[in-house]
Novice: 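For reference, the structure I am asking about is given below.
Residue numbering restarts at 1 for every chain, and letters A, B, ... go by the order of the sequence lines.
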Amino acid sequence: MVTKFDHVGAEQRWQQAWDTAQSFAADDNSPRPKAYVLEMFPYPSGRIHIGHVRNYTMGDVIARTRRAQGFEVLHPMGWDAFGMPAENAAMERGIHPGGWTRQNIAAMRAQLKRLGFALDWSRELATCEPDYYGQEQALFLDLLAAGLVYRKESAVNWDPVDMTVLANEQVIDGRGWRSGAVVERRRLSQWFLKITDFADELLDGLSTLDNWPEKVKLMQENWIGKSQGMRFTFAVADSDTRFDVFTTRPDTLFGASFAALAPDHPISRALAENDPALAAFITQCRAGGTATADIEAQEKQGYDIGLSVVHPLDPGSRLPVFVANFVLMEYGTGAIFGCPAHDQRDLDFARKYQLPVTRVVAPEGEADTPISNEAYVGPGKLINSRFLDGMDVEAAKALVIGRAESEGWGQGTTAWRLRDWGVSRQRYWGTPIPIVHCDDCGVVPVPKAQLPVALPDDVTFDIPGNPLDHHPTWKHVDCPRCGKPARRETDTLDTFVNSSWYFIRFASAPADRPFDKAIAEQWLPVGQYIGGVEHAILHLLYARFWTRALNRIGQLDITEPFAGLFTQGMVTHETYSRDQGEGVAPLYYSPEDVERTGHGATLKADGAPVDVGRVIKMSKSKKNTVDPDTILATYGADAVRWFMLSDSPPERDLAWSVAGIDGAWRFVQRVWRLASEAAESAGPAATDIDLKLARVLHRSIEAVTSDIDRLQFNKAVARLYELVSAIERSPASPTRAEAIEILLRLVAPMAPHLAEEAWALLGQPGMIVDAPWPVADPALLVDDTVTIAIQINGKLKDSFETAKGADRGALEAEVLARDKVVRALEGRAPRKVIIVPDRLVNLVA
RNA sequence: GCGGACGUGGCGAAACCGGUAGACGCAGCAGACUUAAAAUCUGCUUCCCUGUCAGGGAGUGCGGGUUCGAGUCCCGCCGUCCGCACCA
């Protein structure tokens, strides 16, 4: 008897069966080829988001397919468990960050298990546990010993709400990425990782990442920001003071009309001590400094400090020196020379302070035309530049650099946008930095034997700032070197450090060291990494750096952690709202409270219509979220997984809709029906129709396999729909039975519970997770007839079936004899006949 | 401002290397089954014109170009989205 697919029973049954059989445990010692499939591990916020479901479903399809194809698959899961939300929860609710985090992990683990992912749970890790962060401390000490970690006093981005330092990457439009508070500048002693040491290799390495999206590589390239140029020294006239500037346009040096220092430049700060007006100007620059898009609108401002510098190529001439708000201390040397004619900012500045504008580059065929309000940045020949006159830009650059080098006042150099990674955080819920500060010995690393430096449990969050600093005893320790009383470092590591090596720990997690090199390298690099584009720069760049740092100190042979990267789109949903009148924000309604009708929607509560808004990213404020638990209970894991893969290409956004998930559910039932009907009746012998079905079947195997290979899940889904339709239309037969059995194997990575349940129903041996991936028979991939399109002047007029491989003459004769062709040509002969064998015939009339 | 991606039916989308545009799904319409509904199944569904059958024309954001032939290649616009943002 044909019944409905019982998703509740099937999910329980098969999840337990996989668990018992340890189906997804990755064996380090397996002789099979290895495949490492990884999705970005989640932050344990409390609930799985539907975006996670999409991400992990994609990874799961790849993992299950690879496994069926004979690979030993590593597909692990863990928790990026340190971070601010836990501390915020602690502050708001008076609970411990650890308790909150571990509860969330338990809840989310249960949710993930209900989705039936093929994960090796024996390798689960949480970054907040000492067995993980203790090993991270060991790695930190190794990098410190290798000179890749240093401490320096520096101006940092201080978030006044979170009371912490932020990395540059965590400052968005001048505001803290979490709190949204306007960031202040403070000077603090901070720990840094020397990522800039790797700038060149991180840039060059991008070209080896063939299976990364171009977009991500480009974003990283821009972030690293390599600029070739020249660094040279300005001597202040009538003084011993000197300062360096960096320029990418040494060729335009004869167009210089001023020099400018950053407000934070040491010279600026030193002068400000005796110049209240300058001090006030500097303060003003810092205040307005980073605020949002009005940087664009913000006027160039300068303060003339009354000094002048000697022009290095023309010692007789002098340039005035300003402190200017548009010069950044963090880039280059924190000082520039201004060439107004060929740099827009310099031009704006020069116009405001009535500085000379001298053109020194003129495009071909144009001489010394005056510069108006637009700087000329294009190519051309040098003018007004003495010994450079007549040269092109590149030659002039080389000549000036050569001259500076031989005369000793400058040299060719490279500037980077990338800055060293500040990892100190004044927070509790992070990896303690394993350092002791001793009055006598200075900065002393904690000996590895004393690791982990564990976080104390008894902390309070009622005082702003770092709880570790407030703890009565934790920071008081004896110096590991001299034994005298000393202080622990109370800063913790940026959470991005945690995620910079977790993929290595998944591959190998011995108790006594971070990882075993040989075992880890059996799995690494990750073959396919999947996650959101929001990590295109930070996480991915840091993980690449960390891997290269470990390589440099001899702990790893690989240089790139992720061979393949895929960034998936978001899950979106339309919004439902009602206008609240002029000037009032509309009221949004949750999808659960809304009834979707044909074109519009009504509120269940009052039956009156609501406005259906655009399909946008799910957010709490727009109430357009869906709860994975509710959906899972209603439709089952397989339908949810199927929907996550259907319709939209995986890199694009997927619009969640009730109609869509209903459709996925119908498909699950359809496959189930097909299998249960087939289980009841075997068929007679093969027929012609059988050959047709066999062809569809083998083409489906071929297409689905290559679609999954290329992560084009939506296309694989479409092929499976076609296969199901073809099977439904075919009469019972051995081929049909075989087709159903293969269909189940193709569907298994996407809807695994359904596949197992149907597999068992058909009396197949073992579990479908252990069944091999089907292989297409090449003989059945080719058809013996083809459809030839007939075009006249490139426009389709007719088509006909013919045997494959028909020769040109036969095709032409056949085409010219056809009624429609004769009529269309009105008796004339075509001027030209173009024949593409097995495809088309185009007649040019 | 700089850099990048994208633009195809009512909707999500397919279309290998330039060769029958719209596979597949959703929504919609019609029909079958049913006392009825649900479920399921079958058919239709880019637009316009003429229309019983059948036929004709247009069509992949807009305007040009290359080609026997362009969604696909080239040039110029328009629009949407994303990243960076005073980087010298």
Novice: Test for a donor-acceptor pair under 3.5 Å between the base of B/C86 and the side chain of A/K300, counting only N and O atoms.
Specialist: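 Present.
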Novice: Report the relative orientation of the aromatic rings in A/F246 and A/Y331; use parallel for angles under 30°, tilted for 30 to 60°, perpendicular for over 60°.
Specialist: perpendicular
Novice: Look only at the side chain of A/R736 and the backbone of A/I727, and say whether a donor-acceptor pair between them is shorter than 3.5 Å.
Specialist: yes
Novice: Do the charged groups of A/E728 and A/R670 touch, with an N to O distance under 4.0 Å?
Specialist: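 Yes, this pair counts.
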Novice: Do the rings of A/W421 and A/Y542 sit parallel, tilted or perpendicular, given the 30° and 60° boundaries?
Specialist: parallel
Novice: Please say whether more than 12 non-hydrogen atoms of neighbouring residues, nucleotides or ligands are located less than 6.0 Å from CD in A/E374.
Specialist: no
Novice: Identify whether the distance between the nearest side-chain nitrogen and carboxylate oxygen of A/E814 and A/R818 falls below 4.0 Å.
Specialist: yes
Novice: Taking only residues two or more places apart in sequence, or in another chain, which ones meet A/K622 in a salt bridge (Lys or Arg N to Asp or Glu O under 4.0 Å)?
Specialist: none
Novice: Just to be sure I understand the rule, does A/R719 reach a base, reach only the sugar-phosphate, or reach nothing, if contact means heavy atoms closer than 4.0 Å?
Specialist: nothing
Novice: Which is true for A/K226 with a 4.0 Å heavy-atom rule: it touches a base, it touches only sugar-phosphate, or it touches nothing?
Specialist: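 If one applies the 4.0 Å heavy-atom cut-off, A/K226 turns out to touch nothing in the nucleic acid.
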Novice: Charged N to carboxylate O below 4.0 Å: is that the case for A/E702 and A/R699?
Specialist: no
Novice: Enumerate all atom pairs, one protein N or O and one N or O from nucleotides 6-12 of chain B, separated by less than 3.5 Å.
Specialist:
residue, atom, partner, partner atom, Å
B/G12, O2', A/S648, OG, 2.9

Novice: What is the ring orientation for A/Y353 with A/F322, classed by angle as parallel under 30°, tilted 30 to 60°, or perpendicular over 60°?
Specialist: tilted
Novice: In terms of base orientation, is B/G61 syn or anti, with the syn window spanning 90° either side of 0?
Specialist: anti
Novice: Working to the nearest 0.5 Å, report the span between CG of A/L811 and CG of A/D838.
Specialist: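 The CG atom of A/D838 is 7.5 Å from CG of A/L811, to the nearest 0.5 Å.
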Novice: Name the closest nucleotide to the A/L796 side chain, picking from B/U20, B/C86, B/A14.
Specialist: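 Within the option list, the nearest is B/U20.
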Novice: Check whether any side-chain N or O of A/D343 sits under 3.5 Å from a backbone N or O of A/R345 as a donor-acceptor pair, and report yes or no.
Specialist: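 It does hold such a pair.
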Novice: Measure the spacing between CG of A/L746 and OG1 of A/T705 and express it to the nearest 0.5 Å.
Specialist: 6.5 Å
Novice: What residues from residues 338-352 of chain A pass a heavy-atom cutoff of under 4.0 Å to RNA chain B?
Specialist: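 Per residue number, the list reads A/R345.
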Novice: Looking across every strand, which nucleic acid part, if any, lies under 4.0 Å from A/V833 by heavy atom: base, sugar-phosphate, or nothing?
Specialist: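 Answer is nothing: A/V833 stays at 4.0 Å or more from every strand.
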Novice: So A/H539 and A/H535, would you call those rings parallel, tilted or perpendicular, with 30° and 60° as cut-offs?
Specialist: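 The arrangement is perpendicular - the two ring planes meet at more than 60°.
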Novice: Grab the CZ-C1' distance between A/F258 and B/A88 for me, whole Å please.
Specialist: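 Interatomic distance, CZ of A/F258 to C1' of B/A88: 10 Å.
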Novice: Taking only the C1' atom of each, what is the distance from B/A32 to B/A38 in whole angstrom?
Specialist: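 Looking at atom C1' only, B/A32 and B/A38 are 16 Å apart.
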Novice: Heavy atoms only, 4.0 Å cut-off, all strands: where does A/D662 land among base, sugar-phosphate and nothing?
Specialist: nothing
Novice: RNA chain B in dot-bracket, Watson-Crick or G-U pairs under 3.5 Å, [ ] crossing, | other strand?
Specialist: (((((((..(((......[....))).(((((.......))))).((((.....))))..(((((..]....))))))))))))....
Novice: Identify whether any heavy atom of A/F246 sits under 4.0 Å from a base atom; if not, whether one sits that close to sugar-phosphate; answer base, sugar-phosphate or nothing.
Specialist: base
Novice: Please table the atom pairs, donor to acceptor, closer than 3.5 Å between any side-chain atom in residues 650-665 of chain A and protein atoms at least two apart or in another chain.
Specialist:
residue, atom, partner, partner atom, Å
A/D653, OD1, A/M570, N, 2.9
A/S657, OG, A/G660, N, 2.9
A/D662, OD1, A/Y635, OH, 3.0

Novice: Using whole Å, what does the distance between atom C1' of nucleotide B/A15 and atom CG of A/D707 come to?
Specialist: 13 Å
Novice: Using the P atom as the reference point in each nucleotide, state the distance between B/C47 and B/U42 in Å, no decimals.
Specialist: 23 Å
Novice: For nucleotides 67-72 of chain B, tabulate all protein N/O to nucleotide N/O atom pairs closer than 3.5 Å, reporting atom names and distance.
Specialist:
residue, atom, partner, partner atom, Å
B/C68, O2', A/N842, ND2, 3.3
B/C68, O2, A/N842, ND2, 2.5

Novice: Using a 4.0 Å heavy-atom cut-off, does A/T248 contact any base of the nucleic acid, only the sugar-phosphate backbone, or nothing at all?
Specialist: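 Here A/T248 touches the backbone only, sparing every base.
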Novice: For B/C17, decide between syn and anti, treating a glycosidic angle within 90° of 0 as syn.
Specialist: syn
